[in-house]
Amino acid sequence: MQRHRTLSLQFVLASTLSGIIFLLIALIWPVLTTSFGGIRNEVNLLTAPDAFNGDWFAITAYVMVFVCVAAPLAQVLLLSWLLAFALNNRRAPGFSALLPLLKVLRPWAMIEVFFLGALIVVVKVGGWVSVSLGPGIWSLAAFSGLLAAVHRFDSATLWSKQDLR
Amino acid sequence: MSLRAAQLKVALCHVCGQIEDTTIAARCGRCGRKLRLPDPRSSAERSMAWLIAAMVLYIPANVLPVLYVSGLGGGSESTIFGGIVEFLRSGSWGLALLIFGASVAVPITKFVALGLLIGMSHGNSSAAPSQRAKLYRFVEFIGYWSMLDVVVVALTCRLVRFGSLAAAEPRPGIIFFCAVVIATMISAFSFDQRSIWMAGYRPGHRHG
């Protein structure tokens, strides 16, 4: 009975590992592309913060790198690391530092916001020039969906699993 | 009459959720963190400081332009509100509503809701605790969607780089807006949820 109520560790690990791949796709390949007058512009998760350059704008760029790249990537990497060990009923090296870090990171990971922003930009910029969707936007959609499932897993339950060993 | 954890001399570890006996333990036996007893007054004050900072920053975030778009016919700057109006003019009611929600309704809801929660906790109010707890979870949930406008400006500026034909650049309002989102988020996390349930309890009287 209990097993059906909470997500299995295998399912969550599979989701976080796919999450890593989806993030890498959106970091490497374009999310959106525009073309006008023979000039092409591409943007992906990694290059979007570049829009903010210059002294004070750099602060906003750093915030964007943190919430759109560093936090979500750390979230799926950390959870994969912890779960890979938890599946063998072991505690991962650094367990008691990493699990609280995961809890802190969660509200700062904003891939869903980036995804919705990209959809808005398709309409906004699409009114001026032609916009095409890149592979990155589909992987962001997939990542947002996966994370919604992963968030149903209460990582605090790993603390009690740790009690066993 | 409900008992407080402090009256039982136990406390919940804020990191891993273990229950510890505060008469013998200063640190959590499971994760080793120092046990932190709830202190409604100082959490309310820290939270209020961030909230006031956010409200002050919200003024330049709305007054200053966030985006500059130039084309063959010249250029124009737009504020957050101007961006919403532009969507309305082009007939995109849904998107205008979405951006209005993320950039105007969410921050203002947060200012009012957090102000109310902080004020009531600071004043040791015992009114409607379960509604206040619900309100807090709602504020926590909606908070980060405000970052939407920052993402929209960033993507627009990256995608509209066609030299003299058309170009988009960010303007300083977006820096303030980004700061507002961060400050309201920190304000929400600084607020100790437990303080909602602690009316009548004063730190320092817990062993009394």
Side-chain angles (χ1 to χ4, degrees), chain A residues 31-44 47-54 56-64 66-68 95-97 99-100 103-104 107-110 112-129 131 156 158-160 162-163, chain B residues 13-18 28-33 67 69 71 83 86-87 90-92 94-96 98-99 102 140-141 143-166 168-172 174-179 181-182 185-186 188-189:
Chain A
V31 171
L32 294 175
T33 308
T34 51
S35 55
F36 183 56
I39 308 170
R40 266 167 68 89
N41 286 306
E42 282 181 358
V43 69
N44 64 26
T47 58
D50 285 357
F52 300 115
N53 51 39
W56 290 97
F57 285 109
I59 301 168
T60 314
Y62 293 136
V63 170
M64 257 195 98
F66 179 65
V67 302
C68 296
F95 182 91
S96 60
L99 194 50
K103 200 170 139 194
V104 173
W108 296 102
M110 305 187 187
E112 308 93 301
V113 179
F114 189 95
F115 174 64
L116 188 65
L119 294 183
I120 290 171
V121 166
V122 170
V123 178
K124 187 185 174 97
V125 176
W128 310 330
V129 294
V131 183
L158 291 174
W159 281 113
S160 45
Q162 186 199 349
D163 289 342
Chain B
C13 172
H14 69 284
V15 175
C16 73
Q18 169 111 317
C28 171
R30 186 155 69 182
C31 68
R33 301 308 197 289
L67 186 67
V69 181
E86 195 191 309
F87 271 123
S90 66
S92 311
L95 290 183
L98 203 64
I99 300 205
E140 238 185 347
F141 168 75
Y144 78 158
W145 284 101
S146 298
M147 209 57 128
L148 194 62
D149 238 322
V150 177
V151 172
V152 168
V153 167
L155 292 175
T156 305
C157 294
R158 285 288 316 195
L159 289 169
V160 185
R161 284 184 177 178
F162 301 102
S164 58
L165 290 174
E169 284 167 31
R171 283 291 177 262
I174 205 69
I175 305 171
F176 289 99
F177 193 78
C178 184
V181 181
I182 302 222
M185 283 179 71
I186 298 178
F189 303 142

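Naming: A, B, ... by sequence-line order, numbering from 1 per chain. For the numbers below, each heavy atom of this structure counts, side chains included, while hydrogens, waters and symmetry mates do not.
If you measure heavy-atom distances from A:K103 to chain B, the contacts under 4.5 Å come from the side chain alone. Interface remark: A:V121 contributes side-chain atoms only to the contact with chain B (heavy atom separation under 4.5 Å). Heavy atoms closer than 4.5 Å to chain B are found in the backbone of A:A109, but not in its side chain. Residue contact with chain A, scored on non-hydrogen atoms closer than 4.5 Å, involves the side chain of B:F189 exclusively. Heavy atoms of B:S92 lying under 4.5 Å from chain A belong exclusively to its side chain. Residue A:V113 touches chain B through both its backbone and its side chain, counting heavy-atom pairs closer than 4.5 Å. With a 4.5 Å cut-off on non-hydrogen atoms, A:A61 does not touch chain B at all. The contact between B:C31 and chain A is made by backbone and side chain atoms together, counting heavy-atom distances below 4.5 Å. With a 4.5 Å cut-off on non-hydrogen atoms, B:V69 touches chain A through its side chain but not through its backbone. A:E42 touches chain B through its backbone: at least one of N, CA, C or O sits under 4.5 Å from a heavy atom, while the side chain does not. Contact of A:M64 with chain B is made through the side chain alone, with heavy-atom distances under 4.5 Å.
B:L155 and A:A48 make their closest contact through CD2-CB, 3.9 Å (heavy atoms, listed as atom of the first residue, atom of the second, distance). Across every non-hydrogen atom of A:A51 and B:P170, the tightest pair is O-CG, 3.4 Å.
Residues passing the salt bridge (Lys or Arg N to Asp or Glu O under 4.0 Å) test with B:E169 are B:R171, sequence neighbours excluded. Every side-chain hydrogen bond (donor to acceptor under 3.5 Å, both in side chains) that A:N44 has, sequence neighbours left out, goes to A:T47.
Each of B:L159, B:V160, B:L165 was scored for a side-chain contact (heavy atoms from CB on, under 4.5 Å) with A:W128, with one residue passing: B:V160.
The line from CD1 of A:I120 to CD1 of B:I99 is 4.5 Å long, rounded to the nearest 0.5 Å. The structure places OG of A:S96 at 5.5 Å from CZ of B:R33, a figure rounded to the nearest 0.5 Å. A distance of 11.5 Å separates CZ of B:F177 from OG1 of A:T60, quoted to the nearest 0.5 Å.
Between chain A and the options B:S90, B:S146, B:P172, heavy-atom pairs under 4.5 Å are most frequent for B:P172. When A:V129, A:L119, A:V67, A:L99 are compared by the number of non-hydrogen pairs under 4.5 Å with chain B, A:V129 comes out ahead. Counting heavy-atom pairs closer than 4.5 Å to chain A, the top residue among B:F87, B:F141, B:Y144 is B:Y144. The choice from A:A118, A:G37, A:G38, A:G117 that makes the most heavy-atom pairs within less than 4.5 Å of chain B is A:G117. Between chain B and the residues A:L116, A:N53, A:V31, A:V123, the most heavy-atom pairs under 4.5 angstrom are made by A:L116.
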- Message: Between A:F115 and B:V151, is the side-chain contact (heavy atoms from CB on, under 4.5 Å) condition met? List the steps.
- Response: CA-CA 9 Å; A:F115 174 64; B:V151 172; over 6 Å; no

- Task: Starting from the C-alpha separation in whole Å, work towards a yes-or-no answer on side-chain contact (heavy atoms from CB on, under 4.5 Å) for B:R161 and A:I39.
- Result: CA-CA 8 Å; B:R161 284 184 177 178; A:I39 308 170; over 6 Å; no

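Inter-residue side-chain proximity for A:V63 and B:M147 is flagged as met; some heavy-atom pair is nearer than 4.5 Å. For the pair B:I174/A:F57, a side-chain contact is recorded, criterion being any heavy-atom separation below 4.5 Å from C-beta on. When side chains are defined from C-beta on, A:F52 counts as touching B:V153, because their heavy atoms get closer than 4.5 Å.
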